[in-house]
Amino acid sequence: MQDELQDEPKSPDDRPRRKRHFLLRIDSWIDSTVWNLGFTLGEIWEEITIFSRKFRVRGCKRIGFELAGEAMTLGTAGFVVLLALAQPAFEETKEDWRNRGDFAVTFLDRYGNTIGHRGIIHEDSVPIDELPDHLIKAVLATEDRRFFDHFGIDFIGLTRALSENAKAGGVVQGGSTITQQLAKNLFLTNERSIERKIKEAFLALWLEANLSKKEILSLYLDRAYMGGGTFGAAAAAQFYFGKNITEVNLAESAMLAGLFKAPAKYAPHVNLPAARGRANEVLSNLVQSGLMSEGQVIAARRNPATVVDRADVKAPDYFLDWAFDEVQRLAKDGKFREHSVIVRTTIDTGLQQAAESAMETSLREYGESYKAKQGALVMIENGGAVRAMVGGRDYGESQFNRATRALRQPGSSFKLYTYSTAMENGFTPESVISDAPITWRGWSPQNYGRSYKGKVTLLTAMAQSYNTVPVRLAKDYLGTEAIVATAKKMGIETPLRTDKTIPLGTSEVTVLDQATAYAVMPAGGMQSRRHGIGQVLGYDGDVLYDFNRDEPPASRVLSEQATSSMNRILTQIPVIGTARRAALDGGIVTGGKTGTSQSYRDAWFIGFTGNYTTAVWYGNDDFTPMHNMTGGSLPAMTFKTLMDYAHQGIELRAIPGIENPLPTGGHKGTEVAKKDGEPGLVLVRPRSLSAESTRILRQIGENLKKAGPLAPAGTKMADAGGTVSETEPAKGAPVITPVSGELRR
């Protein structure tokens with residue numbers, strides 16, 4: 001009976017009931033599991049809490065433990081930040097850094113005179129095992145006494161240096177190790193910044209991990225700047241003492257070791273008393289460090305080193321550093337393969353000395369009142385040849401090239417690219433636009449005097465450097481991308497931002513960038529083709545590279561209409577605008593633009609004539625503000641001093657696209673004389689040939705280049721009209737017969 005009941009079909013309501021029971025069971029399982037898990041975790045946490053209470057510190061000890069914990073946390077976070085900052089530095093080690101100095105280059109000026117050397121001259125490099133023992137000891141005692149004990153960073157030495165500097169109230173000891181200094185020489189620059197010091201520290205650790213102490217010391221002695229345009233102890237020994245490095249005595253070794261700290265200040269061919277005083281300090285370091293006794297150094301104290309008499313010819317070291325980089329770039333691009341070469345550069349030593357003198361005199365006379373400590377300058381001749389470069393005030397103090405490496409805000413001098421873009425888009429110097437308050441995405445730029453002129457022409461707006469006008473052009477008509485594209489076409493190689501503030505020059509550029517771009521204007525809108533190397537020659541005389549032969553011709557970057565319009569504006573700025581102090585004597589037409597960045601951190605003037613373009617910058621390495629220096633003050637004055645000198649006695653070229661481009665009287669250069677009561681420096685260029693004689697000689701040279709080879713006597717030749725004639729030798733001239741090749745008269 002039961003089996004029969006079980007076999008009976010179930011009612012339709014039974015299935016939903018079973019489904020509900022199944023879901024209830026799942027729900028109860030989840031609830032119980034979650035509750036049990038929470039209960040278990042709570043028990044575990046309670047056990048951990050009870051266990052951790054055993055290590056809880058109370059009272060005064062707790063303060064120390066809390067501070068230690070915070071220090072570990074902050075230290076870990078700081079280490080991660082430092083590592084992130086150091087990542088760009090480690091990218092340098094991926095290249096073939098060992099062979100960067102594998103080039104041996106002799107540099108000539110534009111006239112063929114030797115002006116310097118760069119690279120490692122291998123026949124002069126001496127293995128460290130062959131160097132005099134007293135030279136090694138003198139370097140270690142002075143530069144890094146714990147060199148063989150630290151791992152790249154000497155915290156003990158750093159603490160000692162900080163203590164001594166605090167006692168002296170100034171910097172009397174450095175805390176950098178030899179490894180850190182080598183890292184700077186190999187991979188970095190002398191720029192004073194926290195980022196550079198962080199990179200230097202990490203690269204020092206990397207060098208210690210990849211090189212032996214002997215290799216580090218050898219590289220340091222081979223590549224450190226030693227003054228007088230020399231790099232490495234071996235080259236310095238030859239330059240100062242005229243002898244091989246293996247032959248120097250203790251007094252000479254002490255003098256060489258003293259050069260690492262400040263090679264320009266202690267260079268013996270410049271200041272022998274200072275060099276001897278520094279050498280005496282090195283001898284004292286030898287005694288204090290225990291490497292030598294007083295008895296061993298007494299003879300060197302009594303008989304200080306003497307040096308070879310050298311003419312005080314200052315090498316253009318900043319330019320040579322840049323030219324050396326250019327040589328390596330050309331070799332990397334496959335222009336030539338040789339690494340021992342002679343390079344004819346574009347530098348004009350007369351203009352270079354005038355540029356250095358103009359900048360140094362300006363800083364000496366006005367630097368303190370303006371609170372400006374540094375400056376940089378680049379001069380380019382029409383055609384692209386760099387004729388002068390000043391990368392800083394003192395190469396011996398800092399080899400950081402502010403002309404090619406320092407990124408600074410150009411201020412209003414960047415407006416050239418905004419207005420040039422406008423001229424390419426149909427505007428003219430007479431176009432009228434509103435100088436009135438403007439707001440662009442929350443940004444409201446103001447004019448220098450916080451006043452507005454209403455409707456003004458573009459010529460007036462740029463001449464008076466109104467800020468609202470270029471911003472209005474960018475916002476309503478051009479766009480920032482077009483402005484940046486124009487700047488890059490004209491020669492700005494530094495990466496530029498495209499944010500809303502770019503029309504007023506907030507994106508950093510270099511002095512070389514600015515000179516390159518402004519040189520487009522006297523070139524008629526064509527590329528300026530900036531270059532510092534004319535030819536690269538092998539030691540067998542072969543021309544491995546020639547700029548005019550191997551580089552493409554200049555292409556047009558601005559239309560003739562836009563160039564003419566911009567030149568009309570730019571040539572009015574020294575007349576009615578912000579650069580009146582830049583106007584040259586003799587009526588020479590000058591164009592250019594001033595620039596001043598926020599808080600007076602940077603002051604610029606970039607100007608040009610038909611012959612030269614010169615960019616001048618003043619500021620401070622630590623970005624501290626100057627005292628109200630604008631581009632129309634000291635930069636414009638320095639520009640005038642140099643350009644007045646450069647245009648003495650030369651044939652003047654016209655600036656394209658303007659009326660009356662040359663002064664009355666034609667192409668004669670100016671003669672500058674100092675006027676009574678006139679402030680500043682007036683440089684007088686030495687006369688060698690008149691402009692007329694120079695032009696005739698150049699024409700003769702061009703004709704000789706175009707002329708064909710001389711033909712032997714009796715050779716039948718056709719003239720331009722097709723007439724065949726037989727050549728005859730001049731009376732008394734020696735002749736080589738075509739058949740025998742013998743000389744006959």
Side-chain angles (χ1 to χ4, degrees), residues 107-111 113 115-116 229 311-320 322-323 345-367 374-383 385-395 401-403 511-512 515 518-519 522 532 581-586 588 590 592 605-618 634-653 669-675 678-691 694:
F107 287 102
L108 313 177
D109 66 8
R110 62 179 298 199
Y111 302 112
N113 303 307
I115 54 175
D312 188 15
V313 178
K314 191 175 181 180
D317 287 309
Y318 288 113
F319 173 83
L320 293 180
W322 174 67
T345 70
T346 60
I347 196 77
D348 185 309
T349 53
L351 294 176
Q352 176 68 26
Q353 292 173 11
E356 293 173 355
S357 178
M359 179 150 288
E360 175 57 29
T361 302
S362 297
L363 283 171
R364 188 168 55 247
E365 291 185 3
Y366 302 102
Q374 282 295 349
L377 177 153
V378 173
M379 171 185 269
I380 298 178
E381 188 170 3
N382 191 357
V386 176
R387 296 303 188 203
M389 177 181 289
V390 181
R393 192 170 186 177
D394 188 340
Y395 184 83
N401 193 337
R402 295 156 189 83
V511 178
L512 186 59
Y518 271 74
R581 294 181 180 179
L584 301 189
D585 293 332
I588 298 176
T590 308
F605 181 75
I606 306 96
F608 58 88
T609 64
N611 297 76
Y612 298 103
T613 300
T614 298
V616 181
W617 165 86
Y618 284 104
L634 198 57
M637 294 162 61
T638 304
F639 170 88
K640 172 180 167 55
T641 299
L642 175 59
M643 294 289 267
D644 275 339
Y645 172 88
H647 288 79
Q648 293 175 36
I650 68 171
E651 184 176 358
L652 301 180
R653 299 178 184 175
T670 61
E671 300 296 339
V672 180
K674 185 171 177 63
K675 303 178 180 65
E678 182 182 74
L681 174 69
V682 174
L683 301 173
V684 179
R685 193 168 189 175
R687 173 65 63 84
S688 54
L689 289 174
S690 67
T694 303

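FYI, side chains are in, hydrogens and waters are out, and symmetry mates aren't considered; it's all heavy atoms of this structure.
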Looking at [atom1] of [X] and [atom2] of [Y], how far apart are the two atoms once the value is rounded to the nearest 0.5 Å?
{"X": "Tyr318", "Y": "Gln352", "atom1": "OH", "atom2": "CD", "result": "11.0 Å"}
{"X": "Thr609", "Y": "His647", "atom1": "OG1", "atom2": "NE2", "result": "2.5 Å"}
{"X": "Asp109", "Y": "Thr349", "atom1": "CG", "atom2": "OG1", "result": "5.0 Å"}
{"X": "Thr361", "Y": "Tyr366", "atom1": "OG1", "atom2": "OH", "result": "10.0 Å"}
{"X": "Thr346", "Y": "Ile380", "atom1": "OG1", "atom2": "CD1", "result": "9.0 Å"}

(request) Can you label the angle between the Tyr518 ring and the Phe608 ring as parallel, tilted or perpendicular, going by 30° and 60°? (result)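 Tilted.
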(request) Might you work through the side-chain contact (heavy atoms from CB on, under 4.5 Å) test for Trp617 and Gln374, ending with a clear yes or no? (result) CA-CA 8 Å; Trp617 165 86; Gln374 282 295 349; 4.3 Å; yes
Taking all non-hydrogen atoms of both residues into account, name the closest pair between [X] and [Y] and its distance.
{"X": "Thr345", "Y": "Leu108", "result": "OG1-O, 2.7 Å"}
{"X": "Val378", "Y": "Ala515", "result": "CG1-CB, 3.9 Å"}
{"X": "Val511", "Y": "Ala376", "result": "CG2-CB, 4.0 Å"}
{"X": "Arg110", "Y": "Glu381", "result": "NH1-OE1, 4.2 Å"}
{"X": "Thr590", "Y": "Ala582", "result": "CG2-O, 4.2 Å"}
{"X": "Val390", "Y": "Ala403", "result": "O-CB, 3.8 Å"}

(request) Please check if the side chain of Ser362 supplies one atom and the backbone of Ala358 the other of a donor-acceptor pair under 3.5 Å. (result)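 Yes: the side chain of Ser362 pairs with the backbone of Ala358.
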(request) Verify, without hydrogens or angle tests, whether Asp317 (side chain) and Tyr395 (backbone) share a donor-acceptor contact under 3.5 angstrom. (result)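 Not a single qualifying donor-acceptor pair exists.
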Mind checking whether [X] and [Y] have side chains closer than 4.5 Å, heavy atoms only?
{"X": "Trp322", "Y": "Val386", "value": "yes"}
{"X": "Asn611", "Y": "Ile650", "value": "yes"}
{"X": "Met637", "Y": "Glu365", "value": "no"}
{"X": "Arg393", "Y": "Glu360", "value": "yes"}
{"X": "Phe319", "Y": "Asn401", "value": "no"}
{"X": "Met389", "Y": "Glu356", "value": "no"}
{"X": "Pro316", "Y": "Ile115", "value": "yes"}

(message) I'd like to know if the side chain of Tyr618 pairs up with that of Thr638 as donor and acceptor (distance under 3.5 Å, no hydrogens or angles considered).
(response)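 Side chains of Tyr618 and Thr638: pair found under 3.5 Å.
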(request) Would you kindly say whether Asp348 and Tyr111 are connected by a side-chain donor-acceptor distance under 3.5 Å? (result)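 Tyr111 and Asp348 do have a side-chain donor-acceptor pair below 3.5 Å.
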(request) Begin with the C-alpha distance, continue with both residues' side-chain angles, and end with the deciding distance and a verdict on side-chain contact (heavy atoms from CB on, under 4.5 Å) for Leu652 and Ile588. (result) CA-CA 8 Å; Leu652 301 180; Ile588 298 176; 3.9 Å; yes
(request) Please test Met379 against Leu351 for side-chain contact (heavy atoms from CB on, under 4.5 Å), starting from the C-alpha separation and ending with a verdict. (result) CA-CA 9 Å; Met379 171 185 269; Leu351 294 176; 3.8 Å; yes
(message) For Leu642 and Thr614: C-alpha separation, side-chain torsions, deciding distance, then whether side-chain contact (heavy atoms from CB on, under 4.5 Å) applies.
(response) CA-CA 9 Å; Leu642 175 59; Thr614 298; 4.1 Å; yes
